[in-house]
Amino acid sequence: ELRALTAWERLLADYGSTGVTLREHPMELMRPALPDMTIASDELERSGHGAQVRVAGLVVARQRPETAKGVTFMLLEDELGTINLIVPPVVHDECRMVVRGEPLVVADGRVEHREGVTNVLVHDIRRLERADLPKAEVLNLDDRRPRQPEEDENVESELRAVAPAGHRWGRRG
């Protein structure tokens, strides 16, 4: 009889095989160890206009339209909903690799409530890194027995490998 998969193993298997998960969201599993000041999407609505916030999530979409004068729009998803990020050109240029390619990000910025839409105007964005995540059990490909994971192998890096890429719209660059 096989042992039951952990929540992380199930999440990785779902994303790796189908590109989606119907159970736990990655942020649900990562949230407990995020800094206390990191808020979820449902708390963003209650934050006052102009409040400084930190949000984290899985990148669902990126858009950098020609008409936006270099502004990049990102849509994050957490376990409770979505978060709209507005990334000014200067932040995009400073954090280009994160804005263009990371599937999991943490962003600091200022809340803007306009015409019924809530956005975060980003002043810093970085890769979501979690050194405290459990080490993934790694199979030795020669004999299919578990081996000790390398020091830098953890479920975060495995999740990064199987997480769906955020959709892109707009110009390149």
Side-chain angles (χ1 to χ4, degrees), residues 6-8 11-12 14-16 19-21 23-64 68 70-114 117-136 151-170 173:
T6 67
W8 277 109
L11 178 95
L12 293 171
D14 286 349
Y15 273 130
V20 297
T21 182
R23 295 186 188 184
E24 300 87 0
H25 189 281
M27 292 309 300
E28 179 183 354
L29 300 176
M30 297 175 90
R31 178 126 356 243
L34 292 176
D36 290 336
M37 60 188 132
T38 306
I39 65 170
S41 58
D42 67 335
E43 298 174 66
L44 201 54
E45 292 294 323
R46 295 188 298 270
S47 299
H49 184 80
Q52 294 294 318
V53 295
R54 174 172 292 154
V55 294
L58 178 69
V59 178
V60 176
R62 297 172 171 91
Q63 184 178 17
R64 194 169 190 216
V71 172
T72 302
F73 302 96
M74 296 176 71
L75 180 64
L76 301 186
E77 176 184 89
D78 68 10
E79 70 277 26
L80 299 169
T82 58
I83 302 165
N84 297 317
L85 300 182
I86 300 173
V87 183
V90 66
V91 177
H92 175 274
D93 293 346
E94 290 173 3
C95 308
R96 181 180 176 93
M97 297 304 290
V98 173
V99 173
R100 291 180 47 94
E102 285 297 328
L104 297 160
V105 298
V106 176
D108 294 317
R110 184 173 44 84
V111 175
E112 290 186 343
H113 297 290
R114 291 193 182 168
V117 177
T118 301
N119 299 307
V120 176
L121 180 59
V122 176
H123 60 77
D124 185 40
I125 188 167
R126 61 204 168 279
R127 171 185 184 154
L128 175 56
E129 297 197 57
R130 290 277 317 280
D132 64 317
L133 290 177
K135 297 291 182 186
E151 189 163 322
D152 63 346
E153 287 180 304
N154 62 33
V155 290
E156 175 194 355
S157 60
E158 288 188 12
L159 176 59
R160 225 175 275 295
V162 297
H167 297 286
R168 295 175 185 263
W169 292 278

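Counting begins at 1 with the first residue of the sequence. As the structure is a prediction and not an experimental result, all values here were calculated from the model. Quick note: numbers below take in every heavy atom, side chains included, and nothing from hydrogens, waters or symmetry partners.
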* Asked: Side chains of L44 and V55: closer than 4.5 Å at any heavy-atom pair?
  -> yes
* To do: Only one of I86, T72, L85, V99 passes side-chain contact (heavy atoms from CB on, under 4.5 Å) with V122; say which it is.
  => L85
* Expected output: side-chain E43 to main-chain A40 donor-acceptor under 3.5 Å -> yes
* Student check: side-chain heavy atoms of V105 and V98 closer than 4.5 Å -> yes
* Do you know which two heavy atoms are closest between V111 and H113, and how far apart they sit? -> CG1-NE2, 3.4 Å
* Stepwise, does the side-chain hydrogen bond (donor to acceptor under 3.5 Å, both in side chains) test hold for E77 with H25? -> CA-CA 9 Å; E77 176 184 89; H25 189 281; 2.9 Å; yes
* To do: Kindly indicate, with the supporting measurements, whether the criterion side-chain contact (heavy atoms from CB on, under 4.5 Å) is fulfilled by V120 and I83.
  => CA-CA 8 Å; V120 176; I83 302 165; 4.2 Å; yes
* Nearest heavy-atom neighbours spanning W8 and P26 -> CH2-O, 4.3 Å
* Asked: CG/D78 to CG/L104 distance, rounded to the nearest 0.5 angstrom?
  -> 12.0 Å
* With the side chain counted from C-beta on, respond yes when E102 and M97 share a heavy-atom pair under 4.5 Å apart, and no when they do not. => no
* For the residue pair V71 and V87, establish whether any side-chain heavy-atom pair is separated by less than 4.5 Å. => no
* Asked: Say you draw a straight line from CZ of R62 to CZ of F73; how long is it, rounded to the nearest 0.5 Å?
  -> 15.0 Å
* Enter the distance from L128:CG to M27:CE here, rounded to the nearest 0.5 Å. => 5.5 Å
* Once you round to the nearest 0.5 Å, how far does CG of L121 lie from CD of Q52? -> 9.0 Å
* Asked: Do any pairs count as a salt bridge (charged side-chain N to carboxylate O under 4.0 Å, His left out) and have a residue in residues 79-94, sequence neighbours left out, and if so which ones?
  -> R31-E79
* Asked: How many angstroms lie between atom CG of N84 and atom CG of L75, to the nearest 0.5 angstrom?
  -> 6.0 Å
* To do: Mind checking the OG1-CD spacing from T6 to E24? Nearest 0.5 Å is all I need.
  => 9.0 Å
* **Side chains of S47 and V53 in contact at under 4.5 Å (non-hydrogen atoms)** => yes
* Between L76 and V60, is any pair of side-chain heavy atoms under 4.5 Å apart? -> no
* **Counterpart residues, side chain to side chain donor-acceptor pair (under 3.5 Å), relative to D108 (two or more places apart)** => R54, R126
* To do: List in chain and number order the residues that pass side chain to side chain donor-acceptor pair (under 3.5 Å) with R110, two or more places apart in sequence or in another chain; answer none if no residue qualifies.
  => none
